[in-house]
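Let me begin by presenting the structure, written as structure tokens, before commenting on it.
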Amino acid sequence: GNSAGCQWATPGGIIQSGVANKVDTQQMNYQNGRTVITGLSVTLGAALTAGSKVYISGHMTVGYSGGDPGGAPRWEFSTDNSSWNSIKLSTYATHGSHAGLDANSNWGVGSGYKSWHGETWTVTNNTLSTIVTAAEVSNARYYRVTIRQTDNTNNTIYINRHGEGTDGFAPVGTSSLCVMEINA
């Protein structure tokens, strides 16, 4: 019907998809700048079809060595697997000594800031679920995830691990990225 709210066209189906699962850990600090998360890259079999849409979803777990660092995760796309772009960036900003998400995250604010109470066993989770048009990502077939530690105190952030450094103390996590081209 033509009621207000969500309206669905006749489903057209999945054209192609790719999934990446990261089970190992990776660490970085403020000095590393924006860092590619190894293992969270998807290459589709072909460039996107003009007029299609792309469903992008993911899950990431992040731990902190201490202090109050933030993480600004971002999914990016490329048509040639060498120059990378991103879209739909956040305008979220904070004040004070933190760089915040500084409009460089399009993954959401789930990484946020860890508590400053010394709970380095904490693992935060952040998820992504978005649909974009093929045109918005230049019909790209390459996708990856990057992250930047945003607090200049230089505390370490860990992908798929807490910050305690003793793997038996608290569970580690997994991270994933799914890119699915669908008929519009």
Side-chain angles (χ1 to χ4, degrees), residues 8-63 70-92 101-112 123-150 156-162 171-184:
W8 298 94
T10 304
I14 299 170
I15 299 171
Q16 61 179 332
S17 65
V19 177
N21 292 301
K22 180 177 179 63
V23 296
D24 61 339
T25 62
Q26 185 174 345
Q27 68 185 58
M28 73 274 319
N29 60 38
Y30 183 80
Q31 300 303 320
N32 296 128
R34 184 155 293 281
T35 302
V36 175
I37 300 177
T38 56
L40 276 188
S41 298
V42 169
T43 299
L44 296 177
L48 302 176
T49 305
S52 67
K53 291 190 176 180
V54 188
Y55 171 66
I56 301 169
S57 69
H59 175 265
M60 187 186 315
T61 57
V62 182
R74 178 168 80 193
W75 66 270
E76 300 175 347
F77 63 91
S78 174
T79 57
D80 60 6
N81 205 20
S82 70
S83 356
W84 294 88
N85 296 292
S86 61
I87 59 170
K88 298 193 180 296
L89 300 180
S90 169
T91 55
Y92 179 79
L101 291 181
D102 64 13
N104 282 317
S105 176
N106 60 5
W107 191 280
V109 298
S111 283
V123 178
T124 61
N125 300 282
N126 45 326
T127 58
L128 165 70
S129 181
T130 190
I131 295 177
V132 296
T133 66
E136 286 179 294
V137 293
S138 305
N139 298 338
R141 58 180 291 225
Y142 304 99
Y143 299 83
R144 72 179 187 186
V145 180
T146 63
I147 194 166
R148 187 171 79 81
Q149 199 274 62
T150 61
T156 302
I157 59 174
Y158 299 91
I159 306 301
N160 289 349
R161 202 197 91 176
H162 55 86
V172 295
T174 60
S175 298
S176 63
L177 176 67
C178 174
V179 180
M180 188 181 306
E181 182 183 11
I182 53 179
N183 280 320

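Each of Val19, Ile37, Ile56 was evaluated against Leu177; a single residue qualifies, Ile56, per the side chain to side chain contact (heavy atoms under 4.5 Å, CB included) test.
Residues in residues 129-138 take part in these salt bridge (Lys or Arg N to Asp or Glu O under 4.0 Å) pairs, two or more places apart or across chains: Lys88-Glu136. For the salt bridge (Lys or Arg N to Asp or Glu O under 4.0 Å) condition, no pair includes a residue of residues 175-184, sequence neighbours left out. Counting only residues at least two apart or in different chains, salt bridge (Lys or Arg N to Asp or Glu O under 4.0 Å) contacts with residues 19-33 comprise Lys22-Asp24.
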Between Ile159 and Ser175, is a side-chain contact (heavy atoms from CB on, under 4.5 Å) present by the stated rule, with each step listed? CA-CA 8 Å; Ile159 306 301; Ser175 298; 3.9 Å; yes
Go through Trp75 and Val42 one step at a time and tell me if the side-chain contact (heavy atoms from CB on, under 4.5 Å) criterion holds. CA-CA 11 Å; Trp75 66 270; Val42 169; over 6 Å; no
Can Asn126 and Val62 be said to form a side-chain contact (heavy atoms from CB on, under 4.5 Å), step by step? CA-CA 8 Å; Asn126 45 326; Val62 182; 4.2 Å; yes
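Atom CD of Gln149 sits about 12.0 Å away from atom CD of Gln27, to the nearest 0.5 Å. How far OG1 of Thr133 is from CD1 of Ile87: 7.0 Å, rounded to the nearest 0.5 Å. The distance from atom OG1 of Thr49 to atom CD1 of Ile182, rounded to the nearest 0.5 Å, is 12.0 Å.
Looking at residues two or more places apart in sequence or on another chain, you find a salt bridge (charged side-chain N to carboxylate O under 4.0 Å, His left out) between Arg144 and Glu76. Shown here are the side chain to side chain contact (heavy atoms under 4.5 Å, CB included) partners of Ser129, two or more places apart in sequence or in another chain: Tyr55. For Thr156, there are no side chain to side chain donor-acceptor pair (under 3.5 Å) partners two or more places apart in sequence or in a different chain. Scanning for side chain to side chain contact (heavy atoms under 4.5 Å, CB included) contacts around Asn81 gives Trp84, Tyr142, with sequence neighbours left out.
In plain terms, the two heavy atoms of Tyr30 and Arg148 that are nearest each other are CE1-NH1, 3.6 Å. The minimum heavy-atom distance between Ala20 and Gly39, with the atom names listed, is CB-O, 3.4 Å. For the residue pair Arg141 and Gly45, the shortest heavy atom distance occurs at NH2-O, 3.5 Å. Residues Ala184 and Lys53 approach most closely at CB-CG, 4.1 Å, considering heavy atoms.
Under a 3.5 Å cut-off, the side chain of Ser78 and the backbone N or O of Asp80 do form a donor-acceptor pair. No side-chain donor-acceptor contact under 3.5 Å links Asn139 to the backbone of Ala50. Here the side chain of Gln16 pairs no donor or acceptor atom with the backbone of Leu44 at under 3.5 angstrom.
Residues Val137 and Tyr143 meet the side-chain proximity criterion, which asks for heavy atoms closer than 4.5 Å. Contact of the Gln26 side chain with the Ile147 side chain is not registered, since no non-hydrogen atoms from C-beta on lie closer than 4.5 Å.
In this structure, a donor-acceptor pair under 3.5 Å is present between the side chains of Asn160 and Thr61.
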